[in-house]
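Report on one structure; see the data block that follows.
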Amino acid sequence: MLMLVDPTRVARRLRVRGVVQGVGFRPFVYRFATHLGLAGWVRNDGGGVEIEIHGSEPVLDAFTQCLATEAPPLARVDVIEPEVIPPDLSCKGFVILPSVEGAVVTAIGPDVAVCPSCLAELFDPDDRRWRYPFINCTHCGPRYTITRTLPYDRARTSMAGFKQCPGCEAEYGHPGDRRFHAEPNACPACGPHLGLFEPHGVRALARDPVAETVRRLKLGEIVAIKGLGGFHLACDASQPDSVARLRARKRRPHKPLALMCANLPSVARWAQLSAAEAASLESPERPIVLLGKQAHFDAVLPGVAPGLDEVGMMLPCTPLQYLLFHEAAGRPAGIAWLADAQPLTLVMTSANPHGEPLVQGNDEAFERLGEIADVLLMHDRDIVVRCDDSVLRVRPDLPTGPGVSSGGGIQFMRRARGFTPLSLPLTDVGPTVLAFGAHFKASVCIVRGREAFLSQHVGGLDNPAACAALDEAAEHLQTILAVRPEALAHDAHPDYYSTRAALALAERLEIPAIPVQHHHAHIAAVCAEQGIDEPVLGLAADGVGLGSDGMPWGGELLHVHGAVFRRLGHLSPLPLPGGDRAAREPWRMACGVLHALGRREEAIERFAARPNVEQVLGMLLRGARCPPTTSLGRWFDAAAGLLGICEDMSFEGQAAMQLEVLARRFGACLPLPGGFYIDTRAQSGLSVLNLYPLLAQLADEDDAARGAAHFHATLVEALAQWIGDAAHAEGIRRVVLAGGCLHNALLAAGLRYRLLARGLHVCEAQHAPPGDGGLALGQAWVARAALRQGSVGGRD
Ligand SMILES: [Zn+2]
Ligand SMILES: [Zn+2]
Ligand SMILES: [Zn+2]
């Protein structure tokens, strides 16, 4: 009690911002303050967490300093704002006060994997939650996908219908407990339960749904498993017949499937694993990590990722997924089994019929998955928000960032579960803008204050269900952030659903809708995530996006400064015989190239098996239905078509991926001499990179792998020179690489290396995907810059 009369006693009020609600931050503050003998209180408020502390100055300093470093695993402290207040000598002890009335949660955490403490309980036969598939605590479990509205508390989640039993309630109410205010807290007595169902909706005859599921998987059956943000379709990866059946039923002949293994030793049997990749796999976000296959992979698991040298793998995330491996291991007690390689390897693919959004509800599952799955493992907790698995790659050449401590940075292919709705920090404040993305790999983004919130990946907007999913994602993001946008941003393409949705909402809210050119947005997305405010030279290496001249662009060199961009150059145009169909049929692109090279006869000979080859060449001759595109993606397709690597694609990017694999297999090679030229005297005044000489040489190549390697090497050389020349001419040293083609690691790493060698600063997308999945971030950033500058969109 010396403290009460201590004249050196001082007091402070601390405001803590970041991800500090629903992550066990208040109990941590309580324990920490109590431990240091500080008096005061902690509570949630609209800005995050508010703390008042009374004590001696050095102790207060130590407390403040350790708030960020000692915070619980899921917390993220962005800012601590201290304020000196008069000490109150009557203040004794430390308490957790009720939340401020009407307080708005600043950030709901993402769903994260079950933590080690919960796993230990899950496999402890004496624990009351032994084998309970919904075990969680403040350090783990679902958040984002079970939350309907703010603030984040049980009544507003899909746990609302499950009243806690006295045992759970006691944990929930005790500040010293790991489950203090763990909103989804549950046990077998009071929480959700599993059920195994036949496809027609009848409950399967099984005493133990987990045991029966594993039995069915081993029989080769396909199981739909309800997860956090959606369903997976699972089968035993070691049974090629099951994998083939899954592909046939899902109408997915070639697109790679992801695998799930119990632990790292099990993953290592199938894939090469660096320390950084291992860390990423084991991170609480549990993403799918793209890994290099082991040499024997395709011999043992032939149907999983055919024709590719990488495979997407993940570790279990939910207690239910762990229970499947636990069952297959013979239900061992304790956690020792988790250190040993386990024989079960599961295919785990998102359960959405071809091109449709993820399945969300139980009734919907019977309707939409009944034809695909042999049996459905479900439960009675609702999925409020769909959220797909995240997919990323560790690139040793990228700067290290969050998620990986060493050995390279991560780059997202798809940003969703585990990361949504975590914000990306921005360098500046500005109006709140909601951006709608484009058409492929759609997602929405809200910029608010100094933060950008990119929604989960929604996918292509090819059907009404997918469009509805985009609306839902936009709606939900506004709800959980409690914002009303001041402006909207959308792609410049008038026919995209995302554009129409933005315009309709703008009219309803009576706020401006700002169109942002597609490739401008690609470059801007990187500027946004990396806090670049200066002018940059941007290479948009992409599939397709509408250019400001009304043409389909996709291989663009842009000068970008905030809301303004200027086109400096583009790739020489390729004809798209038959329009959009040419983007799915690389042989058409090859015909276009052969036609342009004056080698029509050769085209007829090569593609003689195609009944419509004459028709396609006729279109090219007449110039009818052959819009020109500057897309780099189509140059990849044309090369793959010419080399006979891929003539028809069953999924987006297939030709380019196969080309990349062959090039990597062939190994390093030199660029082809005379493979390209840069035309700076084009009528338009733009710099045009012409790759026709390269393709002319590839057309004569009889070794596809050597051709693929030459294509990559020459392309990298050509782009590096093109960019280097422009950088010199413009007096810019910072180069941004963006667009869907940057998913190609060979291209991205090669280009990066060459540009660094020229003394340029190179920035790539890391926290948002480089392709269209990150586009909304760029749109929002540009729109905000436009509002700030009073100039909306366009060229300077
Ligand atoms: Zn836990
Ligand atoms: Zn309970
Ligand atoms: Zn794009």
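Just so you know, ligand 1 is whichever comes first in the structure, and atom 1 is the first atom listed for that ligand. For the numbers below, each heavy atom of this structure counts, side chains included, while hydrogens, waters and symmetry mates do not.
- Side-chain N or O atoms of N185 include one that pairs as donor or acceptor with a backbone N or O of C168 at under 3.5 Å.
- Within the 3.5 Å criterion, the main-chain N or O of P287 finds no donor-acceptor partner in the side chain of R417.
- Here the angle centred on the Zn ion (ligand 1), running from SG of C118 over to SG of C115, is 110°, rounded to 10°.
- Shortest distance from the Zn ion (ligand 3) to H522 is reached at NE2 (N/O/S atoms only).
- The atom of D772 nearest to the Zn ion (ligand 3) is OD1, with the search restricted to N, O or S atoms.
- Taking the six-membered ring where tryptophan is involved, the planes of H326 and W337 are tilted, since the angle between them lies from 30° to 60°.
- When all heavy atoms of V526 and A738 are compared, the closest pair comes out as CG2-CB, 3.9 Å.
- The closest approach of D542 to the Zn ion (ligand 3), by N/O/S atoms, is made by OD2.
- Here C140 reaches the Zn ion (ligand 1): one of its N/O/S atoms is less than 2.8 Å from the metal.
- Between the Zn ion (ligand 3) and H518 there is an N/O/S contact shorter than 2.8 Å.
- Taking the ring centroids of H712 and F636, they lie under the 6.0 Å cut-off.
- Using a distance-only test at 3.5 Å, with no hydrogens or angles considered, a donor-acceptor pair links the side chain of K226 to the main chain of H379.
- Using a distance-only test at 3.5 Å, with no hydrogens or angles considered, a donor-acceptor pair links the side chain of R393 to the main chain of H743.
- For the Zn ion (ligand 2), the set of protein N/O/S atoms nearer than 2.8 Å consists of C165 SG, C168 SG, C187 SG, C190 SG, ordered by chain and number.
- Put simply, the side chain of N44 never gets that close to the backbone of V49: no donor and acceptor are under 3.5 Å apart.
- Looking at every heavy atom in both residues, N136 comes nearest to R179 through O-NE, 2.7 Å.
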